[in-house]
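Here is the structure we will look at.
These numbers come from the heavy atoms of this one structure, side chains and all, not from hydrogens, waters or symmetry mates. Every chain is numbered from 1, with letters handed out A, B, ... down the list of sequences.
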2 protein chains.
Amino acid sequence: MLKIGDFSTLAQVSIKTLRYYDEAGLLEPEWVDPENGYRYYAARQIARLHRILALKDFGFSLEEIGRLLGEGVNAEQMRGMLVLQQAEQKKRVEEEGDRLSRISSRIRLIEKENDMAYDVVLKTVPKQKIASVRETIANYPSVGALYGKVASGLGPGMASAGIPVALWHDHEYKEKDVDAEAGFYLRQDVAAGGGVTVHELAETTAACTVHNGAYKRLSEAYDALLRWVAENGYQIAGPTRELYLHCTKPVRQDDETYVTEIQVPVRKQPVAGSQ
Amino acid sequence: MLKIGDFSTLAQVSIKTLRYYDEAGLLEPEWVDPENGYRYYAARQIARLHRILALKDFGFSLEEIGRLLGEGVNAEQMRGMLVLQQAEQKKRVEEEGDRLSRISSRIRLIEKENDMAYDVVLKTVPKQKIASVRETIANYPSVGALYGKVASGLGPGMASAGIPVALWHDHEYKEKDVDAEAGFYLRQDVAAGGGVTVHELAETTAACTVHNGAYKRLSEAYDALLRWVAENGYQIAGPTRELYLHCTKPVRQDDETYVTEIQVPVRKQPVAGSQ
DNA sequence: TCGAGAAGTCGCCGATCTTCAGCATGATTC
DNA sequence: GAATCATGCTGAAGATCGGCGACTTCTCGA
């Protein structure tokens, strides 16, 4: 029979923690003196304590451990729980590895540009209704002409139009004959017609960055963004979106107050060779 | 000028969070209406918000982010912070990988034994004074004879003797001529003499398991323990200790109430091939 | 062997850490 | 009149740690 202090020394677990485990029903002392409430442990109980510590290390919460130790869980059930935990742990390892990759990628970008440059953020973009026209246009800047078409096509529906957006459907950079879709996010449903299509963009995960400044330097943002996608093991999974968060009418290519968000839908590249 | 709700929608960050970031001085609205306190944001501020999100993803706390954004931190300093964070993240990735390895190892053990078997715990064993004799003995069980020598050598000093311990100095299993050290942990300093040495065992990290039962089955515990050491990429870094947490005098080889803790000092094996 | 002080133990309450989420209440705007 | 905005308080998560006052037990000297 060991007093809590002795047991604590033996097992390298603090007295506080032992009391907490007692209270939580994880490890009750072999005997409690009804006179003074002193807890007395048996050396044999260190085995159970070790099991608790091991399970805790595996990532189980104390509550889960309580369930695992409490009911008559046999080896087979325990194995099942461990396999589940193993799967979660694998995910965790992968996530932390990805995070490391993002940090490293950012460091490389700073070293290359010697500037804090662009912050790329992975976020889930919700589904979104859009009214747009899709055409093959001469080059990127000429997308501006399409917004007039959308506006006139919508007519009074323009009232529920949100921010202007462009979608680039090509899979690579094109000097000419660009497959472009231009339109407005919609706050409410609106009737299509007049060459304007209303449809819904599905929810997607996208790598995003914001470009503050003139359009002529937008390519720098693209550089950083595509670099990020490649370096972090993603692949492009849909048309790139450009959200014109701030611009003017008429559009000036060199207005430094413009704010543009670029979103590249991505999915994790099937791992090959990574652990 | 965007109201907080619009900005929240645009940036995919909750209003609560935006208010919190304002309060924390991380992202103050471009303008606050003094009349009603309404926060108004500029689209341009999404860039700063993205930076916050990116840094948060890198593992910085909001307080650290505040410092990184607040003072005039230049690209070089930012790089320095990121490199630090990268190092921490590398450690984290490694730790999580190790944890995964431990879970997998445990699953294999259960599958092999079809039993919950032994829980191996890695712990830091503090430095510890010990009074002992070291001799080459015929075989493992005959270590018992050494305790009498220690006891008589210590004489009245036995009063401050703690639990009996054996240290096995051989680097492998031996059938005979075992290099054994036997003695007692000391609660207080004690004079050496009479063939008994008093010295201090340094603090060490050890893989530990507890064997509840007779000594004749102690080898099962060793099996599990050594298996664990090998499977988790450790190597043995000192003499194995056996702590006799519960035993009787005289010793019986088949007493099932005995409790013995085995501690194998280990260090992480120099990684080769792992990331 | 007794007494005094030291050490151990008790339960309880709160702090820690971080990042919000929820709710109440009231003002304002569309 | 409904949605949006404000402030501000509380709670939540999880596993302890720290501190308090009150009691009990141990130890050592006289």
So, does the side chain of K56(A) form a donor-acceptor pair with the base of dG14(D) at under 3.5 Å?
no
Can you check the D57(B) CG to dT18(C) P distance for me, whole Å?
18 Å
Please state how far atom CG in L49(A) lies from atom P in dA15(D), giving the value in whole angstrom units.
15 Å
Is the Y147(B) ring parallel, tilted or perpendicular to the F184(B) ring (thresholds 30°, 60°)?
perpendicular
Check this one for me: any side-chain N or O of R19(A) less than 4.0 Å away from OP1 or OP2 of dC10(C)?
yes
Quick one: the side chain of K16(B) and the base of dG11(D), do they pair up donor-acceptor inside 3.5 Å?
no
Whole-Å distance, R187(B) CZ to dA7(C) P, equals 15 Å
Round to a whole Å and report the spacing from CG of L55(B) to C1' of dT19(C).
16 Å
Between E88(A) and R92(A), does at least one N-O distance fall below 4.0 Å, as a salt bridge requires?
yes
To the nearest Å, give me how far apart CG (L18(B)) and P (dT7(D)) are.
13 Å
N/O donor-acceptor pair under 3.5 Å between N74(A) side chain and E76(A) backbone:
yes
Contact nearer the 5' end of DNA chain D, comparing F60(A) with G5(B):
G5(B)
Does Y21(B) place a side-chain N or O at less than 4.0 Å from the phosphate oxygens OP1/OP2 of dC20(C)?
yes
Write down the distance between CD1 (I4(B)) and P (dA3(D)), rounded to a whole number of angstrom.
19 Å
Nearest-Å distance for atom pair CG/P, residues D22(A) and dG11(C)
8 Å
Can you measure I65(B) atom CD1 to dC20(C) atom P for me and round it to whole angstrom units?
9 Å
Thinking salt bridges, do R67(B) and E64(B) make one under a 4.0 Å N-O criterion?
no
So which heavy atom on A131(A) is nearest to which on V198(A), and how close?
CB-CG2, 4.0 Å
Is there a side-chain contact between S61(B) and the phosphate of dC17(C), meaning an N or O under 4.0 Å from OP1 or OP2?
no
Within residues 33-44 of chain B: residues closer than 4.0 Å to DNA chain C (heavy atoms)
N36(B), Y38(B)
Below 4.0 Å: OP1/OP2 of dC17(D) and any side-chain N or O of T17(A)
yes
Would you call the rings of H246(A) and Y258(A) parallel, tilted or perpendicular, where under 30° means parallel and over 60° means perpendicular?
perpendicular
Look up atom CG in L68(B) and atom CG in L62(B), then write down how far apart they are to the nearest 0.5 Å.
11.5 Å
